[in-house]
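Every heavy atom of this structure was used, including side-chain atoms; hydrogens, water molecules and symmetry mates were not. Reminder, nothing fancy here: chain letters follow the sequence lines and each chain counts from 1.
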Amino acid sequence: MVHVYNTLSGKKEPFEPLAAGKVGMYVCGVTVYDDCHLGHARCYIAFDVIRRYLEYRGMAVTYVQNFTDIDDKIIARAAERGVPAAELTRTYEAKYFEVFDRLNVRRADRYPRATEEIGGMIGMIGRLMDKGHAYEADGDVYFSTKSFSGYGKLSKRSEDSLLAGARVEISDKKRDPLDFALWKKAKAGEPFWPSPWGDGRPGWHIECSVMSQKYVGVTLDVHGGGQDLIFPHHENEIAQSEADTGRPFVRYFLHNGFVTVDGEKMSKSMGNFRTLEELYRRCPPDALRFFILSTHYRSPLTFTAKKLEDATAGLSRLREGYRRLKELLAANPNPAGGPAEPIDPERARAEFEAAMDDDFNTAEAVGTIFRVLSEVNRLHERSGRDGLPDGTTLEGLRRLEAFLKQVTRDVLGIDPEPPAVPDDNADRVSGLLAERERARKEKRYKDADRLRMELLEMGYQIQDTPQGPRAIRK
RNA sequence: GGCGGCGUACCCAAGAGGCCCAAGGGAGCGGUCUGCAAAACCGCGACUCACCGGUUCAAAUCCGGUCGCCGCCUCCA
């Protein structure tokens, strides 16, 4: 049974979707006016793995993620660059896919754009006005937070405590400082759409209420995003949607923790963010993904170059272990013997599932994988000397291999054996390798060492194993 | 000021009442292998979970307090 930490209750709860076996999931997407950074990566990797694990558990998941392609920042950035807003947003949408494909984040079933759902938003705003939850003021439309009794239930704030913050935008158009904009009157030179309240554009929160309802359903099983969206974004979405439909908006609210850099939140306003493109120049995307999954998704994550290196080393250890398992299978044709299994694949699976069932604890899950690989390595070591232990069959190892491949590649999204990139140097490398072996046999160690250096400079590390030398591309 | 989170070995990070006298990764050290290395593999590693009290037969895990760090309350994943 999957358990998830629900921000609504502040507790872990058994995960039971509204319709058994079907999960409707909506995750707040990016505002497309700038490059994506590590914080985005953490969020979308977390929800990617959540989606993958629910599918692994046999559920059919509908996953929708929006693009916010109209807002103040977009307008400002477009003006700054002298390009139309729509051109700017399309550029960054394309870049979004570029960087997230490389992180092996599976694509959502749909990526609705705010600008293509204006009609639906006007519809919902109209319904909210009819029900007395919204009011028009000089071309703007605001949601009346006082009209919705559950306001504050997600972020656990009372009206008083909200007001005490006193950082709410001051506007004399609002009847109450906590009210938020559903529709904003157009200023000169801004993109606008016609509406019953005059030309304007939607507020930020309304798009998610409208698009999630349209593409996922009235009640979402899972709604996700970063912790910074809890207030006001998700709080406001609840108010809009529940005031509109009278039904629960979300069963399980899931929020990922922040990425900090040098002890501070990484964000656009801090100017300390690491774009993904930038990071890819320093480490492979799969190592970055592995790094992110090494911490539970709700915990804070501090970025340092050292941690990235540690993760890279950890990932290659994982792959080396998997390679050895394959080697074990290939090199040991089914020996005669009884049914004894050196490693129990079912136990490995049970441990992995227990970790993931517990609020998608990928850090623990990765630990279970390393534990079983450790056993694989020991077996590999032993079999190198004496062959597989008496009474061993390969059936269990085959199942273990299938299990490892499934959970690392399909659930965690990390291929245990990444497809070999074509290597133009292959012939030359094996030539040099053979030459070095000859030199070693003839005890011309100076020559052998020179060849080793030569290969290293080409980017290949030699591993001398009992089975002969191998060249590993760095 | 209000709300929330975090503090576990040299670094990172799971664990949330007894399975823990605490997973896993990185680094380090010891060993195997090697012509020597490197790599790889194996082994070792916290009498203890920021600190102080308390509850309990039993606490890293619950409660109270203290200290330190961070986030949200304003656009933000």
Side-chain angles (χ1 to χ4, degrees), chain A residues 7 10 12 27-31 33-34 36-47 68 71-73 76 152 155-158 160-169 204 224-233 235 255-260 263-270 273 290-291 294-296 298-302 304 306-318 320-321 323-324 351 355 358 361-371 373-374 376-378 380-382 384-385 440-441 443-445 448-449 452 456 461-466 469-472:
Chain A
T7 308
K12 280 183 200 170
V27 176
C28 287
V30 292
T31 300
Y33 76 101
D34 207 342
C36 287
H37 55 67
L38 242 197
H40 296 112
R42 187 181 199 195
C43 176
Y44 301 119
I45 287 172
F47 288 101
T68 297
D71 93 319
D72 292 345
K73 301 247 168 173
S155 50
K156 302 177 178 58
R157 285 156 216 251
S158 64
D160 288 350
S161 73
L162 282 164
L163 281 172
R167 286 211 268 171
V168 211
E169 190 188 334
W204 175 34
Q227 278 169 359
D228 57 342
L229 297 185
I230 294 173
F231 190 90
H233 188 53
E235 197 68 75
H255 293 99
N256 63 280
F258 272 99
V259 176
T260 56
E264 278 184 323
K265 176 184 169 185
M266 169 159 56
S267 70
K268 296 177 183 180
S269 46
M270 299 293 305
F273 65 100
F290 185 76
F291 160 67
S294 301
T295 303
H296 182 89
R298 280 192 291 114
S299 300
L301 177 63
T302 305
T304 64
K306 164 79 162 59
K307 288 201 203 182
L308 213 49
E309 283 167 26
D310 291 355
T312 306
L315 178 58
S316 70
R317 181 176 157 81
L318 188 154
E320 181 63 15
R323 192 192 63 76
R324 272 161 202 258
E351 287 180 0
D358 183 16
N361 192 338
T362 53
E364 170 73 23
V366 167
T368 69
I369 290 172
F370 276 112
R371 277 207 295 273
L373 286 178
S374 215
V376 168
N377 284 328
R378 278 195 293 273
H380 184 274
E381 202 73 4
R382 253 188 300 159
R385 279 198 302 272
R440 292 176 71 204
K441 286 250 160 54
K443 301 196 193 302
R444 289 182 286 110
Y445 294 123
D449 290 348
R452 179 164 68 197
L456 196 62
Q461 170 77 56
I462 292 176
Q463 281 188 16
D464 287 320
T465 74
R470 294 198 301 136
I472 308 286

Polar atoms only, N or O, under 3.5 Å: list the protein pairs with nucleotides 27-30 of chain B and their distances.
none

Response to the item:
All heavy atoms of A:Leu301 vs all of A:Phe291, minimum pair found to be CD1-CZ, 3.9 Å

Worksheet entry | Complementary nucleotide of B:G45, counting Watson-Crick and G-U pairs under 3.5 Å | none

Worksheet item: Does A:Thr295 have a side-chain nitrogen or oxygen under 4.0 Å from the phosphate oxygens OP1 or OP2 of B:G25?
Response: no

Worksheet item: From the list B:C36, B:A14, B:G24, which nucleotide is the closest neighbour of the side chain of A:Asp449?
Response: B:C36

Worksheet item: If pairing requires Watson-Crick or G-U wobble contacts with both distances under 3.5 Å, which nucleotide is the partner of B:C3?
Response: B:G71

Discussion item. Measuring only the C1' atom in each nucleotide, how far is B:U66 from B:C29? A whole number of Å is fine.
Written reply: 38 Å

Practice prompt. Determine the contact category for A:Thr312: base if any of its heavy atoms lies under 4.0 Å from a base atom, sugar-phosphate if only primed atoms, P, OP1 or OP2 are that close, otherwise nothing.
Written response: nothing

Discussion item. Of the options B:A77, B:C36, B:A14, whose atoms approach the side-chain atoms of A:Phe258 most closely?
Written reply: B:A77

Worksheet item: Over how many whole Å does the gap from A:Leu373 atom CG to B:C42 atom C1' extend?
Response: 15 Å

Item to complete: Would you state whether a donor and an acceptor, one from the side chain of A:Lys73 and one from the base of B:C75, lie under 3.5 Å apart?
Response: yes

Worksheet item: Can a salt bridge be assigned to the pair A:Asp449 and A:Arg452 using a cut-off of 4.0 Å between side-chain N and carboxylate O?
Response: yes

Worksheet item: Which one is paired to B:A60, where only Watson-Crick or G-U wobble pairs with both distances under 3.5 angstrom count?
Response: none

Discussion item. Can you tell me which nucleotide in B:C70, B:G24, B:C41 comes closest to the side chain of A:Phe370?
Written reply: B:G24

Practice prompt. Check every strand shown and say whether A:Gly257 touches a base, only sugar-phosphate, or nothing at a heavy-atom separation below 4.0 Å.
Written response: base

Worksheet item: Does A:Arg317 place a side-chain N or O at less than 4.0 Å from the phosphate oxygens OP1/OP2 of B:C42?
Response: yes

Discussion item. From C-beta outward on A:Ala363, which listed nucleotide comes closest to its side chain: B:C41, B:A13, B:G24?
Written reply: B:A13

Worksheet item: How would you label the contact of A:Thr304 with the nucleic acid (heavy atoms, under 4.0 Å): base, sugar-phosphate, or nothing?
Response: nothing

Worksheet item: Does the pair A:Glu320/A:Arg323 count as a salt bridge with the N-to-O cut at 4.0 Å?
Response: yes

Discussion item. Can you classify the ring geometry of A:His40 versus A:His37 as parallel (below 30°), tilted (30 to 60°) or perpendicular (above 60°)?
Written reply: tilted

Worksheet item: So, the side chain of A:Lys73 versus the backbone of A:Tyr33: is there a donor-acceptor pair under 3.5 Å, distance only?
Response: no

Worksheet entry | Complement of B:A50, any strand, by Watson-Crick or G-U distances under 3.5 angstrom | B:U66

Worksheet item: Nearest of B:C75, B:C42, B:G24 to any side-chain atom of A:Asn377?
Response: B:C42

Worksheet item: Base, sugar-phosphate alone, or nothing: which one does A:Arg378 contact when heavy atoms must sit under 4.0 Å apart?
Response: sugar-phosphate

Practice prompt. In whole angstrom, give me the gap between the C1' atoms of B:A23 and B:A46.
Written response: 13 Å

Worksheet item: B:G35, B:A77, B:A39: which one has an atom nearest the side-chain heavy atoms of A:Gln463?
Response: B:A39

Worksheet entry | Integer angstrom distance from the P of B:A16 to that of B:G1 | 33 Å

Fill in: Between B:G5 (P) and A:Asp228 (CG): distance, integer Å
17 Å

Item to complete: Would you mind classifying the nucleic acid contact of A:Glu320 as base, sugar-phosphate or nothing, using non-hydrogen atoms under 4.0 angstrom?
Response: sugar-phosphate

Worksheet, complete the sentence: Between NE2 of A:His255 and P of B:C72 the distance, given in whole Å, is 14 Å

Worksheet item: Can you tell me the Watson-Crick or wobble partner of B:A16, both distances under 3.5 angstrom?
Response: none

Discussion item. Please give me the minimum heavy-atom distance between A:His255 and A:Arg298, naming the atom from each residue.
Written reply: O-CG, 3.4 Å

Discussion item. Rounding to an integer number of angstrom, what distance separates B:C11 and B:A27 when you compare their C1' atoms?
Written reply: 7 Å

Practice prompt. Please tell me which of A:Arg42 and A:Ala448 maps to the more 5' nucleotide of RNA chain B, matching each residue to the nucleotide holding its nearest heavy atom.
Written response: A:Ala448

Practice prompt. Under a 3.5 Å limit for both distances, which nucleotide forms a Watson-Crick or G-U wobble pair with B:A38, could you say?
Written response: none

Practice prompt. Please measure how far the P atom in B:G64 lies from the corresponding atom in B:G4, and state the result in whole Å.
Written response: 12 Å

Practice prompt. Would you check if the side chain of A:Thr362 reaches a backbone N or O of A:Ala365 as a donor-acceptor pair within less than 3.5 Å?
Written response: no

Worksheet, complete the sentence: A:Arg298 atom CZ is separated from B:C70 atom C1', nearest whole Å, by 16 Å

Item to complete: Please figure out whether A:Ile472 or A:Thr368 has its closest RNA chain B nucleotide nearer the 5' end.
Response: A:Thr368

Worksheet item: From B:A77, B:G5, B:U34, pick the nucleotide closest to the side chain of A:Leu229?
Response: B:A77

Worksheet item: With a non-hydrogen cut-off below 4.0 angstrom, is A:Ile462 in contact with a base, only sugar-phosphate, or nothing?
Response: base

Worksheet item: Which is true for A:Asn361 with a 4.0 Å heavy-atom rule: it touches a base, it touches only sugar-phosphate, or it touches nothing?
Response: sugar-phosphate

Practice prompt. Tell me what A:His296 touches on the nucleic acid: a base, only sugar-phosphate, or nothing, going by heavy atoms under 4.0 Å.
Written response: sugar-phosphate

Discussion item. Mind checking if A:Lys307 touches a base, just sugar-phosphate, or nothing, with heavy atoms under 4.0 Å?
Written reply: sugar-phosphate

Worksheet entry | Between B:G43 and B:C49 - P atom distance, rounded Å | 27 Å

Worksheet entry | Flag, side chain of A:Arg42 to backbone of A:Gly257, donor-acceptor distance under 3.5 Å | yes

Worksheet, complete the sentence: A:Asp464 has its side chain closest, among B:A77, B:C36, B:G35, to B:C36

Item to complete: Return no unless some side-chain N or O of A:Ser374 is found under 4.0 Å from OP1 or OP2 of B:C42.
Response: yes

Worksheet entry | Short N-O contact, A:Lys12 and A:Asp358, less than 4.0 angstrom | yes

Fill in: Quiz item: A:Arg452 side-chain donor-acceptor pair to B:A37 base, under 3.5 Å
yes

Discussion item. Between A:Arg440 and A:Asp464 (salt bridge meaning N to carboxylate O under 4.0 Å), is one present in this structure?
Written reply: yes

Item to complete: Go through A:Thr7 and A:Gln227 one step at a time and tell me if the side chain to side chain contact (heavy atoms under 4.5 Å, CB included) criterion holds.
Response: CA-CA 9 Å; A:Thr7 308; A:Gln227 278 169 359; over 6 Å; no

Discussion item. If I pick the C1' atom on B:C63 and the same atom on B:C72, what distance separates them, to the nearest angstrom?
Written reply: 26 Å

Worksheet item: What integer number of Å spans the C1' atoms of B:C42 and B:A50?
Response: 35 Å

